[in-house]
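Everything below concerns the one structure shown next.
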Amino acid sequence: MQGSMDRRSFLAAGAGLAAASLTEGLPQSARGPEIFVPAGDPVMVASHNALPHALPKAYAALVAGADPVDAAVLGAEVVENDPTDHSVGYGGLPNELGEVELDASVMDGTTGLCGAVASLRRIRNPAAVARLVMRHTKHAMLVGEGALAFAKAQGFKEEDLLTPEAREIWMYWKRSHSEKDFWLSPAAEEIPAHVKRWFGITGTVHFSARTKDGRLGACTSTSGMAFKLAGRVGDSPIIGAGLFTDETGSAGSTGRGESNIAVCGAHTIVEAMRQGKHPTDACLVAARRVADGTRAAWLKKPDGRPDLDIIFYAVDREGRFGGASLWEGNRYAVADASGARLLDAAFVIAKKG
Ligand code: ASP
């Protein structure tokens, strides 16, 4: 009983400190209700789609002593292999030509090494290929045909990544995305709900892991923006944007990659943590920078606010963690001694009532 009271006072004191660090005009409610206190246990923070399966598996490996990059890649592989997640790996939504092009990156905070692949076709596990770029080469990134040749040489199996359902979603998009082509648009009621729910939605999976002794590693994997131009590369494989890890902290992102590339989001977060910010506050720094950087009219809603979203995830060397997005209403996943669960992300912009 005494212990829990101590913990409560500590949480309250932490909340006060955090509020004091948010002097840039953010309402306290935007930061989320809870301040997380490190328990000295392994911690993983991840995007929401790491639940229900990937995060518990990755976290169990971390607890059993896995290297943090290996645990993160293990988690990414679960989502890459899941044909029902149309934002990552096998079953990912294709580019506008119907080809699935995957991006992924890894970074090891202990060695300072990183690896990435971009526009990789026909290989369902780009995260593991990125890890081999980091561990078996003197390079940091391979793209397109070169990345495919590298993956094949490493024994990865080539396969068609476009599942029947992803093809169906792509076809409906193709028929309905423009009135100025030769396709006949389907009537709204003709489009099945399981197709409609993927229109305008993309995604990515990110994991940042911290071992019991404070080592950090991360992985981000994605099929990128659905129906993108062929060859388009988002933030996920860009070290410093979709992922960055050093010995002080690890961060990653999901959401509109182009806007994140423009602010080097993950590096910005780790730098803020290095300067002492709590991971949540560090994520808010990057989210605010994206919001402030959204100046092009075509990226704004009619009311002038950003018509895009990015969610940032972070964990520091001490095991503190957090997540923040531009818009209210996002969630992120965490696994620690209290289990794997979803938490509300802090935010910069409140939804209108
Ligand atoms: N960040 C990914 C990209 O821009 C997409 C996403 O997370 O929705 O490729």
Side-chain angles (χ1 to χ4, degrees), residues 45-51 54 72 75-76 79-80 82 84-89 91-96 99-107 116-121 126-127 130 141 143-144 147 161 166 169-170 173 197-208 218-244 251-269 283 286-287 289-290 293-294 296 299 306-314 323-327 329-333 345:
V45 66
S47 48
H48 75 94
N49 53 345
L51 285 176
V79 187
E80 289 170 346
D82 178 357
T84 67
D85 188 317
H86 294 305
S87 70
V88 179
L93 291 177
N95 64 22
E96 64 173 350
E99 286 152 350
V100 180
E101 291 189 319
L102 305 178
D103 300 335
S105 59
V106 297
M107 190 156 185
V117 289
S119 291
L120 176 62
R121 295 181 185 181
M141 180 185 262
V143 306
L161 302 180
I169 298 166
W170 168 60
W173 170 81
R197 71 175 275 264
W198 285 94
F199 279 17
I201 293 197
T202 50
T204 294
V205 72
H206 170 79
F207 295 85
S208 273
C219 173
T220 302
S221 181
T222 189
S223 50
M225 290 287 180
F227 322 126
K228 61 194 174 185
L229 302 191
R232 177 266 187 187
V233 174
D235 57 333
S236 306
I238 307 294
I239 304 299
L243 164 148
F244 191 78
S253 65
T254 61
R256 187 174 186 274
E258 285 79 357
S259 296
N260 185 28
I261 289 171
V263 303
C264 302
H267 183 266
T268 295
I269 293 166
C283 289
R289 206 164 281 184
V290 173
T294 306
L299 280 172
D307 194 12
L308 60 101
D309 209 354
I310 299 181
I311 312 170
F312 292 108
Y313 316 89
S325 52
L326 265 70
W327 285 91
N330 289 296
R331 299 205 287 176
Y332 68 102

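Every number for a ligand or one of its atoms is a count from 1 in the order of the listing. Fair warning: this is a prediction, and the values are worked out from it, not measured in the lab.
Rounded to the nearest 0.5 angstrom, Leu326 CG and Leu308 CG are separated by 6.0 Å.
Atoms of ligand 1 lying under 4.0 Å from at least one heavy atom of Gly257, given by number and element, are 4 (O). Interface of Gly224 with ligand 1, defined as ligand atoms under 4.0 Å from a residue heavy atom, comprises 9 (O). Heavy-atom proximity to Thr254, at under 4.0 Å, picks out these atoms of ligand 1: 7 (O).
Listed by chain and number, the residues in a ring pair (Phe, Tyr, Trp, His ring centres under 6.0 Å) with Trp198 are His86 (sequence neighbours excluded).
Of all protein heavy atoms, the one lying nearest to atom 9 (O) of ligand 1 is Arg232 NH1, 2.7 Å. For atom 7 (O) of ligand 1, the closest heavy atom belonging to the protein is Thr204 OG1, 2.5 Å. The closest protein non-hydrogen atom to atom 8 (O) of ligand 1 is Thr202 OG1, 2.8 Å.
Residue Gly203 has at least one N or O atom closer than 3.5 Å to an N or O atom of ligand 1. Considering backbone and side-chain N/O of Gly234, none are found under 3.5 Å from N/O of ligand 1.
Under 3.5 Å, the side chains of His206 and Thr204 contain no donor-acceptor pair of N or O atoms.
Relative to atom 3 (C) of ligand 1, the option among Leu102, Thr222, Ile238, Asp235 with the closest non-hydrogen atom is Asp235.
Annotation for Arg256: atom CZ counts as buried by contact number, over 12 foreign heavy atoms lying within 6.0 Å.
Between Trp173 and Phe227, the ring planes lie parallel to each other; the angle is under 30°, not in the 30° to 60° tilted range.
Under a 3.5 Å cut-off, the side chain of Trp327 and the backbone N or O of Pro306 do form a donor-acceptor pair.
For the pair Arg331 and Ile311, the minimum side-chain heavy-atom distance is 4.5 Å or more.
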